[in-house]
Amino acid sequence: MSIDRFYPMRVRFAPSPTGALHIGGARAALYNWLMARGSAGTMVLRIEDTDRERSTEENVEQILDALRWLQIDWDEGPISQVSRSERHGEVLQQLLDAGHAYRTNATGEDVKAYKAQHGQDRGFRGTAEADGAVRLRVPDDGATVVHDLVRGDTTFQHVHLDDPVIARADGTALYNFAVAVDDADARITHVVRGEDHLSNTPKQLLVYQAMGVTPPLFAHLPLLHGPDGKKLSKRHGAASVQELRDAGYLPAAVRNYIALLGWGDTDDETLISTDELSRRFDVSRVSKNPAQFDEKKLRWMNGRYLRELELDELTAELEAFTGRAGLREAVAISREKIQTLADFWPLAGFIFDGPSTEDEKAQAKWLTDEGRASLQASHEALSALPEWTLEAIEEALQGVVAGREAKPKDVFQPIRVALAGTAVSPGIFETLHVLGRDASLERIAAAT
RNA sequence: GCCCCUAUGGUCUAGUGGUUAUGACGCCGCCCUUUCACGGCGGAGAUCCCGGGUUCGAGCCCCGGUGGGGGUACCA
């Protein structure tokens with residue numbers, strides 16, 4: 001086999017539209033994309049929709065949306081696997097004619113019975129019939145070795161393999177067959193996908209062999225787990241890309257985090273731009289064991305990305321996320337206190353919608369007689385201000401602190417509660433400044 | 001049951017026969033400080049899953065267990 005067979009790289013992401021794009025799928029897509037972009041290669045998007053029962057157009061759209069949001073693009077496709085059924089039928093007939101495959105009506109029960117008789121570790125072998133589903137003939141001797149870029153060689157003894165069903169009785173192709181035909185025709189060089197496909201690979205390799213085609217290189221990625229070590233699911237919070245978007249994460253942060261989930265190189269950097277990622281990503285360095293999705297680390301990383309955005313950019317993101325306008329000033333004083341887009345409104349929404357009434361504990365703690373007396377003094381000092389500037393506000397309030405011989409927080413916290421209704425908010429001088437004189441004085445008076 | 005993969009602090013990882021076992025998240029403390037954060041500094045936390053081997057020497061190599069995961073569909 002020539003080295004030219006594998007370069008330039010042609011990779012693919014081939015989701016099945018049976019649900020939303022999960023984080024594990026997003027990672028597979030990202031790894032493929034990084035390989036293509038890092039090597040001037042080509043990224044093919046194929047929709048594996050041969051399961052007509054479970055595949056829906058809505059799911060296809062949802063997956064495409066998720067990829068676009070992640071800014072993972074593709075050069076060819078999306079191509080529906082079903083649209084290639086004619087070609088599948090053609091190859092199927094070739095395998096049938098060549099004796100590499102045969103028709104049989106054997107059922108799951110028959111397979112069970114066969115194993116009961118020949119041993120559990122003996123792969124099922126059927127006999128050719130005039131009609132029925134199509135099975136690939138697996139030789140009894142020998143073995144198929146999967147040369148995996150992340151795992152090394154894995155040997156599957158043919159005796160253990162069942163003759164796989166590659167087409168239904170009606171002639172429609174099944175996954176293990178369609179995937180091999182399509183990858184071969186698309187001249188895919190590297191198949192990078194989840195580990196759940198590792199045991200399918202020998203079957204696919206056998207299809208390539210029957211077709212007389214050189215197979216691509218394979219890399220199987222470890223699966224993603226939730227915090228409890230079990231398969232990642234909705235129970236763990238965000239499990240799909242859509243949920244990540246709704247939770248207020250930035251695509252760039254998600255890409256960075258996901259790239260590092262199960263992959264690392266010798267460099268210690270944690271914050272890596274997508275460009276840098278595509279330059280450095282090496283699939284052979286992907287870790288072999290399943291990784292737990294740690295949302296806390298994603299939150300931290302997202303906060304870092306958030307703070308690196310220009311104010312106007314972040315404002316635009318937040319206005320799109322909240323559906324509100326005129327957020328710029330509030331964003332400016334809140335940006336270092338939030339980790340996700342979703343954190344913004346709970347922190348700063350009071351500036352626009354008035355103080356929250358929900359935090360009774362904060363109100364009971366700070367709006368005491370003492371607190372109200374302090375508020376009154378603050379009100380007087382602020383009312384007297386000729387100019388509503390940040391400096392003037394700070395000076396006036398520090399004057400109140402000094403005048404009352406109080407601790408700063410005994411003056412500032414009551415103001416915070418008066419303005420926000422809670423004990424947490426952006427800086428108090430900044431908040432007063434952004435809120436403006438009238439609203440500020442009004443809220444302080446109302447709480448006094 | 002059978003086939004296959006896998007195993008470094010709570011989590012993600014670096015490590016490729018000789019290190020006080022790397023960095024990050026999280027956690028704790030200190031500094032900053034009007035709250036919460038951000039930022040800075042420091043700290044705790046790992047019998048490198050267990051048991052055998054190979055070797056002068058093993059987290060790294062081999063064998064066997066155990067735990068975890070995947071597959072075992074006329075799903076993908």
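Only a predicted model underlies this, so the values are computations on that prediction, with no experimental measurement involved.
Separation of the P atoms belonging to rU20(B) and rA58(B) is 15 Å when rounded to the nearest angstrom. rC2(B) and rG45(B) are spaced 41 Å apart, taking the C1' atom of each and rounding to whole Å. rC36(B) and rC31(B) have their P atoms separated by 14 Å, with the value rounded to a whole Å. With both ends at atom P, the span from rG71(B) to rC30(B) equals 49 Å, rounded to whole Å. Between rG42(B) and rG23(B), the two P atoms lie 12 Å apart (nearest whole Å). Using P as the reference atom, rG59(B) and rG9(B) are 15 Å apart when rounded to the nearest Å. Look at the C1' atom in both rC12(B) and rU72(B): the space between them is 31 Å, to the nearest Å. Rounded to the nearest Å, the gap between the P atom of rC28(B) and that of rC38(B) is 12 Å.
No donor-acceptor pair under 3.5 Å is formed between the side chain of Asp163(A) and the backbone N or O of Arg137(A). Checking side-chain atoms of Asn302(A) against main-chain N and O of Leu250(A) turns up a donor-acceptor pair under 3.5 Å. At least one donor-acceptor pair closer than 3.5 Å links the side chain of Arg416(A) to the backbone N or O of Pro426(A). Although no hydrogens or angles enter the test, the distance criterion places no donor-acceptor pair under 3.5 Å between the side chain of Arg46(A) and the main chain of Gly77(A). Lys115(A) contributes a side-chain N or O that, together with a main-chain N or O of Arg122(A), makes up a donor-acceptor pair within less than 3.5 Å.
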Practice item. Would you mind building the protein contact string for nucleotides 27-35 of chain B? One character per nucleotide, 5' to 3', B for base within reach (heavy atoms under 4.0 Å), S for sugar-phosphate only, - for untouched. Key: -------BB
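Comparing Ala133(A) and Leu298(A) against RNA chain B, the residue whose closest nucleotide sits nearer the 5' end is Leu298(A). The residue among Leu161(A) and Thr104(A) whose nearest nucleotide of RNA chain B is located toward the 5' end is Leu161(A).
Rounded to whole Å, atom C1' of rG69(B) lies 8 Å from atom CG of Leu223(A). Computed from coordinates, the Ile166(A) CD1 to rA76(B) C1' distance equals 16 Å when rounded to whole Å. Put simply, CZ on Arg304(A) is 14 Å from C1' on rG23(B), counting in whole angstrom units. Taking atom CG on Asp183(A) and atom P on rA76(B), their separation rounds to 14 Å, with Å as the unit. For the pair Gln120(A) CD and rC4(B) C1', the computed distance is 16 Å after rounding to whole Å. Leu136(A) places its CG atom 14 Å from the P atom of rC74(B), with the value rounded to the nearest Å. The CD1 atom of Ile272(A) sits 13 Å away from the P atom of rC25(B) (whole-angstrom rounding). Atom OH of Tyr305(A) and atom P of rC25(B) are 14 Å apart (whole Å).
A ring-ring contact (aromatic ring centres under 6.0 Å, His included) check over residues 162-181 of chain A, counting only residues at least two apart or in different chains, returns the pairs Tyr175(A)-His197(A).
Considering only the side chain of Thr154(A), rC5(B) comes nearest among rC5(B), rC75(B), rC38(B). The listed nucleotides are rA76(B), rG70(B), rC3(B); the one nearest the side chain of Asp121(A) is rC3(B). The side chain of Asp162(A) has rU72(B) as its nearest neighbour among rU72(B), rC74(B), rC2(B).
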Any protein N or O atoms within reach of nucleotides 11-14 of chain B? Criterion: under 3.5 Å, listing atom names and distances.
| from | atom 1 | to | atom 2 | distance (Å) |
| --- | --- | --- | --- | --- |
| rC12(B) | OP1 | Gln292(A) | N | 3.2 |
| rC12(B) | O3' | Gly262(A) | N | 3.4 |
| rC12(B) | O2' | Leu260(A) | O | 2.9 |
| rU13(B) | OP1 | Gly262(A) | N | 2.8 |
| rU13(B) | OP1 | Ser287(A) | OG | 3.4 |
| rA14(B) | OP1 | Gly264(A) | O | 3.4 |
| rA14(B) | O3' | Arg285(A) | NH2 | 3.3 |

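For Tyr257(A) and Phe293(A), the ring centers sit closer than 6.0 Å to each other. You'll find the ring centres of Trp345(A) and Phe321(A) outside the 6.0 Å limit. Aromatic pair Phe281(A)/Trp263(A): centroids less than 6.0 angstrom apart.
Shown here, rA21(B) forms no base pair; nothing in the strands shown gives a Watson-Crick or G-U wobble contact with both key distances under 3.5 Å. Using the Watson-Crick or G-U wobble rule with both distances under 3.5 Å, rU72(B) pairs with rG1(B). Taking a pair to require two hydrogen-bonding distances under 3.5 Å in either a Watson-Crick or a G-U wobble arrangement, rG51(B) pairs with rC63(B). As the counterpart of rG42(B), rC28(B) is assigned, both hydrogen-bonding distances of the Watson-Crick or G-U wobble pattern falling under 3.5 Å.
Among the heavy atoms of the strands, none lies under 4.0 Å from Arg46(A). Across all strands, His197(A) comes closer than 4.0 Å to base atoms (heavy-atom distances). Nucleic acid contact class of Arg307(A) (heavy atoms, under 4.0 Å, all strands): sugar-phosphate only. Across all strands, Thr270(A) comes closer than 4.0 Å only to sugar-phosphate atoms, never to a base (heavy-atom distances).
For Arg54(A) against rC75(B), a side-chain-to-base donor-acceptor contact under 3.5 Å is present.
For Arg52(A), no side-chain nitrogen or oxygen approaches OP1 or OP2 of rA76(B) to under 4.0 Å. Taking side-chain N and O atoms only, Arg151(A) has no distance below 4.0 Å to OP1 or OP2 of rC4(B). Put simply, Thr50(A) has a side-chain N or O that comes within less than 4.0 Å of OP1 or OP2 on rA76(B).
Annotation: the span from Asp65(A) atom CG to Leu21(A) atom CG amounts to 10.5 Å, rounded to 0.5 Å. With rounding to the nearest 0.5 angstrom, the CD atom of Glu380(A) is 11.5 Å from the CG atom of Leu375(A).
Side-chain N/O atoms of Gln81(A) and Asp49(A) include no donor and acceptor closer than 3.5 Å.
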